[in-house]
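Below is one structure, written out as structure tokens, with a few remarks after it.
Heavy-atom basis, side chains included; hydrogens, waters and symmetry copies ignored. Sequence lines set the chain letters: A, B, ... in the order given, protein chains first and strands last, and positions in each chain run from 1.
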Protein chains: 2
Amino acid sequence: MSDLHGNRGGKRERLIQSAQLLVHQQGVQRTTLAQVAANAQVPVGNVYYYFKTKDELVAAVIATYDDEMRAMLVMLERRPEPADRLKALTRHWADMGEISARYGCPMGSLCSELDKADGALDRDAERIMAIVVDWAEEQFRQMGQREPRDLAIALFSSVQGSALLANTFRDPDIVARQARRLEDWIDSLT
Amino acid sequence: MSDLHGNRGGKRERLIQSAQLLVHQQGVQRTTLAQVAANAQVPVGNVYYYFKTKDELVAAVIATYDDEMRAMLVMLERRPEPADRLKALTRHWADMGEISARYGCPMGSLCSELDKADGALDRDAERIMAIVVDWAEEQFRQMGQREPRDLAIALFSSVQGSALLANTFRDPDIVARQARRLEDWIDSLT
DNA sequence: GTCTATAAGATGATAGAC
DNA sequence: GTCTATCATCTTATAGAC
């Protein structure tokens, strides 16, 4: 493995991981580079060797979500039935209920915050959401549904909304119960 | 009318209105008191005569949302049928589709941001969300539904989620189409 | 490549004149 | 009651030593 980016000890990776956690917990604006550096056990001023700006670091965090989401969808493709794939995705989100109740959906709350910002980061975050919706749309289409796009958005809306309410009320049960409803709903379509 | 709070010219009200708009558009953290003051045509340092801290100003904004929401629910009570009341509420949210697509749901995005903050403001915001969910639950109960709480959360989740997606994709149509689906869904329950 | 020290700018909050 | 001037702090970003 070459030493691109001079990542002796994987500092770059540690910084991204640290930023990912802190941004989820505190949001982009409230997370300072000092916190990210401390959490990654890297000197503050050194951050700028790996990322020219804070936005660039956040972009790297978003890129990580992108990778993770794509990998997840590839995994789901293994299932032969589109309805099963959709239910598995729903269950995956339900499994994150505890953490969503604490800090919100990592991508959802990030999109919410970035859409109020000036930069171009919101476009990066939007792309990930689009990947999920497009994928769900394709599954509903394969199920022979008439309006697969609306169904995909209905599913994803419910997931995002229940994560928001779970976070607001600090009640992980909200995600779990709504996920169960959604699985039943998917079954009812077949 | 007495001059409580010394609101010559309604400066206090102007400040709250100004803060409400800016917080919706930019979020709490990104909104500076200088912006709020300028937008309200009040000198910067004067803000502290009306609000001891920035948090106190935000609390006043949330209290305004509280008033508005309660007034809205009282209006809806006029309709004799609970299903009509729920559909009217859904339609009201749909009417805010354009603005939600631009800046997100005012309360939803505020809750999302405040839950990542330290203060106690998130409790104030949570209370408003609870009022809505409790009210919707009561309507579903009056409709004779088995699990009114789950239905109320399902409805509100979909609304909040579609506002988030509409904001993320900058597409007001998402709110409109999902609202139509929700109205049909409510009809199907009767 | 790594790190310290610090510049540069913004922001919440205060003191005190009027 | 109203407003100006300013403080103190925090945060991003840079310069430059090692």
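Summarising the geometry, the separation between CG on A:Leu57 and P on D:dA13 is reported as 10 Å, rounded to the nearest angstrom. A:Arg12 places its CZ atom 13 Å from the P atom of C:dG1, with the value rounded to the nearest Å. One can place CG of A:Leu15 at 11 Å from P of C:dT2, the figure rounded to the nearest angstrom.
Taking side-chain N and O atoms only, A:Asn46 has a distance below 4.0 Å to OP1 or OP2 of C:dC3. Within the structure, a side-chain polar atom (N or O) of A:Tyr50 is placed less than 4.0 Å from OP1 or OP2 of C:dT2.
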For nucleotides 11-15 of chain C, tabulate all protein N/O to nucleotide N/O atom pairs closer than 3.5 Å, reporting atom names and distance.
{"unit_1": "C:dG12", "atom_1": "OP1", "unit_2": "B:Lys54", "atom_2": "NZ", "d": "3.0"}
{"unit_1": "C:dG12", "atom_1": "OP2", "unit_2": "B:Leu33", "atom_2": "N", "d": "3.0"}
{"unit_1": "C:dA13", "atom_1": "OP2", "unit_2": "B:Tyr48", "atom_2": "OH", "d": "3.4"}
{"unit_1": "C:dA13", "atom_1": "OP2", "unit_2": "B:Lys54", "atom_2": "N", "d": "2.9"}
{"unit_1": "C:dA13", "atom_1": "N7", "unit_2": "B:Tyr48", "atom_2": "OH", "d": "3.4"}

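Within the structure, salt bridge (Lys or Arg N to Asp or Glu O under 4.0 Å) contacts touching residues 102-114 of chain B (residues at least two apart or in different chains) are A:Arg30-B:Glu113. Sorted by first then second residue, the salt bridge (Lys or Arg N to Asp or Glu O under 4.0 Å) pairs that include residues 161-173 of chain A, not counting sequence neighbours, are A:Arg170-B:Asp115, A:Arg170-B:Asp122. Within the structure, salt bridge (Lys or Arg N to Asp or Glu O under 4.0 Å) contacts touching residues 40-66 of chain A (residues at least two apart or in different chains) are A:Asp66-A:Arg70.
Atom CD of B:Glu138 has more than 12 heavy atoms from other residues, nucleotides or ligands within 6.0 Å. Within a 6.0 Å sphere centred on CD of B:Glu77, heavy atoms belonging to other residues, nucleotides or ligands number more than 12.
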Give every donor-acceptor pair under 3.5 Å between a side-chain atom in residues 179-186 of chain A and any protein atom, sequence neighbours left out.
{"unit_1": "A:Glu183", "atom_1": "OE1", "unit_2": "A:Arg91", "atom_2": "NE", "d": "3.3"}
{"unit_1": "A:Glu183", "atom_1": "OE1", "unit_2": "A:Arg91", "atom_2": "NH2", "d": "3.2"}

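Here C:dC3 is the nucleotide among D:dT4, D:dG1, C:dC3 with the atom lying nearest to any side-chain atom of A:Lys11.
For the pair B:Ser109 (side chain) and A:Ser112 (backbone), a donor-acceptor distance under 3.5 Å is absent.
Neither side chain, A:Trp93 nor A:Gln178, offers a donor N or O lying under 3.5 Å from an acceptor on the other.
Contacts between residues 110-118 of chain A and DNA chain D, defined by a heavy-atom separation below 4.0 Å, involve no residue at all.
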